[in-house]
Participant: 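To start, I am sharing the structure in question, which I have written as structure tokens.
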Number of protein chains: 2
Amino acid sequence: MVRRAEQSNYSLESIDRMALVLKALEQAPEQTLEQIARLSGLNESTALRYLLSLSKHEMVERNEASGRFRLGLSLFRLGSRSIEYRDIVTLSLPVMERLLAQFGESVNLATRQQGQVMLLRVLESATPTRKGAKAGETDAWHATSLGKALLAAMPGAEATSILKGGPLAAYTPTTLTRYDDLLRDLERAQTRGYAIDDEESVEGLRCVGAAIRDHAGVPRYALSVSGPKSRMPYQRTEEIGTAVMKGAAEVSRALGA
Amino acid sequence: MVRRAEQSNYSLESIDRMALVLKALEQAPEQTLEQIARLSGLNESTALRYLLSLSKHEMVERNEASGRFRLGLSLFRLGSRSIEYRDIVTLSLPVMERLLAQFGESVNLATRQQGQVMLLRVLESATPTRKGAKAGETDAWHATSLGKALLAAMPGAEATSILKGGPLAAYTPTTLTRYDDLLRDLERAQTRGYAIDDEESVEGLRCVGAAIRDHAGVPRYALSVSGPKSRMPYQRTEEIGTAVMKGAAEVSRALGA
DNA sequence: CGATCTTATTTCATCTAATGAAATTGTCAA
DNA sequence: TTGACAATTTCATTAGATGAAATAAGATCG
């Protein structure tokens with residue numbers, strides 16, 4: 001009954017082109033036909049046809065006044081459905097709620113998506129100082145506890161190939177932009193069991209994160225707690241880190257790791 | 001510069017077929033090729049090609065063990081982007097937060113999408129008893145305060161055409177399933193300024209909602225507060241209803257109504 | 001108020017690339 | 001082992017996608 005497709009040339013070009021259009025629309029909130037054509041590399045006629053066709057299904061909308069195009073609400077509906085029934089979301093929710101209740105800081109769940117780290121769910125701290133990250137956003141691999149927790153948990157070769165994808169951008173003065181520093185940090189995370197982001201992505205923000213392994217033992221998700229450094233002194237970081245690690249292990253077990 | 005497409009035959013069939021596939025995938029969390037082909041009306045070969053092509057872009061994923069198909073995480077990412085920059089979401093957030101703080105009950109924002117009422121944003125009450133609705137879900141027009149608030153605010157002919165779409169399904173014993181009853185209820189909502197859902201969609205749940213008008217005065221969104229009837233006696237319903245109505249008017253003004 | 005410019009939309013001849021019936025292959029269950 | 005079932009691949013056919021060029025609608029400027 002189960003047989004997996006092997007042919008790579010088994011792909012519709014129109015779907016690839018549609019994906020190019022959507023990828024272009026992701027780049028900015030609202031764009032003109034010209035911009036979209038340029039970004040997607042499609043002929044203007046073709047880009048317009050894709051945009052109008054997608055509009056019909058509300059996957060693309062346009063600003064009535066300016067005629068510009070933007071991503072449509074059908075995508076929001078489909079996207080909501082796409083995580084609704086995932087085990088990872090339902091299984092980690094109780095753990096996330098417990099961490100939020102215990103420490104009062106924001107709790108985040110992320111996964112790998114198209115080579116990036118994407119937030120799946122965010123439980124926000126009730127305090128006014130919070131990062132304000134939203135599910136669906138993508139984070140840097142090397143500058144967040146979520147990304148580093150995943151990197152530290154995966155085979156070295158895989159981590160290397162991800163990091164080779166681009167330079168280590170500096171988001172703050174403490175971002176680890178040197179390869180050696182990062183590798184050492186990942187080793188520390190490995191022995192410690194959780195990764196630390198000490199203002200490396202956002203100034204004033206400290207996070208601790210640990211990887212979650214799926215049924216096959218693959219580190220596919222990561223759990224983190226993040227808060228302003230004023231409320232996250234190093235001693236507390238250790239305490240929270242241990243709890244995050246335990247929580248991640250608990251979810252891993254629930255997934256059948 | 002702005003010229004609007006008029007030709008309806010300006011649409012790519014491959015995009016229509018892709019939409020059929022995605023629509024089929026929305027019906028259930030995970031499906032076999034056969035189910036998807038049947039639901040979408042496509043030939044199995046064709047359906048498979050679309051599914052594999054969409055998989056390449058992570059808009060579709062498959063269960064490794066069973067080979068079944070499901071909606072992919074790219075859609076979640078795209079969907080998040082699609083509401084990120086909308087005025088309605090940013091403008092109503094402060095109002096929603098104020099209502100949550102004031103009454104301690106869940107606050108919901110919805111819009112029309114593909115002929116249905118879809119939740120755009122939900123701020124959940126901190127109490128354990130809460131509906132647990134999630135953004136992206138769709139609600140019944142005739143059995144929720146959000147739907148009824150929209151119906152009551154739109155021209156009668158439009159409301160009628162929406163309601164003619166199907167029978168008035170009964171979700172609870174108090175759901176208004178008779179056309180006359182519903183119309184009378186909508187009239188009451190009109191004079192009152194907000195709609196009430198008194199356990200009409202979920203037993204034990206009471207909601208009050210009001211419509212938000214866009215810059216052109218079209219009732220495009222709705223705001224509601226929902227809570228268990230134990231905490232929503234009629235007197236409080238009135239108080240909250242007035243606040244919701246005022247909040248909705250505030251957002252309408254912010255949108256330029 | 002008209003001319004000009006910019007950008008979106010439409011047309012249409014060409015031929016790429018999508019289709020689906022049938023054959024094949026892999027898995028599961030007996 | 002052997003069917004039975006469902007997924008995958010092949011391939012001849014032609015539907016339907018493409019893009020260059022023409023057109024139309026606003027916007028801007030003099």
Side-chain angles (χ1 to χ4, degrees), chain A residues 1-22 24-25 27-57 59-72 216, chain B residues 1-22 24-25 27-57 59-72 216:
Chain A
M1 185 245 253
V2 184
R3 194 176 145 217
R4 200 51 37 77
E6 276 155 24
Q7 298 228 148
S8 56
N9 62 337
Y10 209 68
S11 185
L12 295 167
E13 306 217 340
S14 46
I15 298 302
D16 292 347
R17 286 191 266 257
M18 176 211 64
L20 286 173
V21 168
L22 292 179
L25 283 167
Q27 308 302 309
E30 269 195 4
Q31 293 177 73
T32 63
L33 173 60
E34 196 197 357
Q35 289 179 289
I36 297 163
R38 186 159 28 77
L39 283 174
S40 63
L42 296 174
N43 178 292
E44 258 185 40
S45 298
T46 304
L48 178 64
R49 258 189 306 254
Y50 278 89
L51 288 163
L52 293 182
S53 303
L54 289 166
S55 299
K56 203 166 104 184
H57 303 283
M59 295 174 75
V60 163
E61 294 170 10
R62 56 197 313 188
N63 181 320
E64 283 303 318
S66 67
R68 293 208 187 142
F69 298 89
R70 60 164 179 252
L71 295 170
Chain B
M1 183 248 250
V2 184
R3 192 174 148 221
R4 199 52 35 78
E6 275 154 25
Q7 298 226 146
S8 55
N9 62 339
Y10 209 69
S11 184
L12 296 167
E13 305 217 341
S14 47
I15 297 302
D16 292 346
R17 285 192 267 258
M18 175 211 64
L20 287 173
V21 169
L22 293 179
L25 284 166
Q27 308 302 309
E30 268 195 6
Q31 292 178 71
T32 64
L33 173 60
E34 195 196 1
Q35 288 178 290
I36 296 163
R38 185 158 31 76
L39 283 175
S40 63
L42 296 174
N43 178 290
E44 260 185 39
S45 299
T46 305
L48 178 63
R49 258 189 306 254
Y50 278 90
L51 287 164
L52 294 182
S53 303
L54 288 166
S55 299
K56 204 167 105 181
H57 303 284
M59 295 175 76
V60 163
E61 294 169 9
R62 56 197 312 188
N63 182 318
E64 284 303 318
S66 67
R68 292 207 186 145
F69 298 89
R70 60 165 180 251
L71 295 171

Participant: Please state how far atom CG in A:Leu52 lies from atom P in C:dT9, giving the value in whole angstrom units.
Facilitator: 6 Å
Participant: Using atom CG of A:Leu54 as one end and atom P of D:dA17 as the other, report the distance to the nearest whole Å.
Facilitator: 13 Å
Participant: State whether the side chain of B:Arg70 and the backbone N or O of B:Glu61 hold a donor-acceptor pair below 3.5 Å, judged by distance alone.
Facilitator: no
Participant: I need the minimum non-hydrogen distance between B:Phe69 and B:Leu25, along with the two atoms involved.
Facilitator: O-CD2, 3.7 Å
Participant: Could you give the CD-to-P distance, from A:Glu64 to D:dA25, as a whole number of Å?
Facilitator: 17 Å
Participant: Can you measure B:Arg68 atom CZ to D:dA6 atom P for me and round it to whole angstrom units?
Facilitator: 11 Å
Participant: Over all heavy atoms of both residues, which pair between A:Gly67 and A:Arg62 is shortest? Give the atoms and the distance, please.
Facilitator: O-NH2, 2.8 Å
Participant: Please state whether the phosphate of D:dA17, meaning OP1 or OP2, lies under 4.0 angstrom from any side-chain nitrogen or oxygen of A:Tyr50.
Facilitator: no
Participant: Where along residues 33-41 of chain B does a heavy atom fall under 4.0 Å from DNA chain C?
Facilitator: none
Participant: Between the base of C:dT9 and the side chain of A:Ser45, is there any donor-acceptor pair under 3.5 Å?
Facilitator: no
Participant: Return the value, rounded to whole Å, for the distance between atom CE of A:Met18 and atom C1' of D:dT18.
Facilitator: 18 Å
Participant: Could you state the atom-to-atom distance from CG of A:Leu48 to C1' of D:dA24 in whole Å?
Facilitator: 14 Å
Participant: Please answer whether the main-chain N or O of B:Ser14 pairs with a side-chain N or O of A:Ser14 as donor and acceptor at a distance below 3.5 Å.
Facilitator: no
Participant: Using every non-hydrogen atom in the two residues, find where A:Ile36 and A:Leu51 come nearest and quote the distance to one decimal.
Facilitator: CD1-CD1, 3.8 Å
Participant: A:Gln31 or B:Asn43: which one's nearest nucleotide on DNA chain C is closer to the 5' end?
Facilitator: A:Gln31
Participant: If you compare every side-chain N and O of B:Thr46 against the phosphate oxygens of C:dG20 (OP1, OP2), does one of them come in below 4.0 Å?
Facilitator: yes
Participant: Nearest heavy-atom pair of A:Glu30 and A:Gln35: which atoms, and what distance?
Facilitator: O-OE1, 4.2 Å
Participant: Please state how far atom CD in A:Glu44 lies from atom P in D:dA24, giving the value in whole angstrom units.
Facilitator: 18 Å
Participant: Checking the side chain of A:Ser53 only, and the main-chain atoms of B:Leu12 only, is there a donor and an acceptor separated by less than 3.5 Å?
Facilitator: yes
Participant: Could you go through nucleotides 13-16 of chain D and list every protein N or O atom that sits under 3.5 Å from one of its N or O atoms, giving the distance for each pair?
Facilitator:
residue, atom, partner, partner atom, Å
D:dG16, OP1, B:Glu13, OE1, 2.9

Participant: Determine, stepwise, if the pair A:Arg38 / A:Glu34 fulfils salt bridge (Lys or Arg N to Asp or Glu O under 4.0 Å).
Facilitator: CA-CA 6 Å; A:Arg38 186 159 28 77; A:Glu34 196 197 357; 5.4 Å; no
Participant: Nearest whole Å is fine: how far is C:dT19 C1' from A:Ile15 CD1?
Facilitator: 14 Å
Participant: Counting just side-chain N and O atoms, does A:Arg49 come under 4.0 Å of either OP1 or OP2 of C:dA8?
Facilitator: no
Participant: Counting distance only, does the side-chain N/O of B:Gln31 pair as donor-acceptor with the main-chain N or O of B:Ala24 below 3.5 Å?
Facilitator: yes
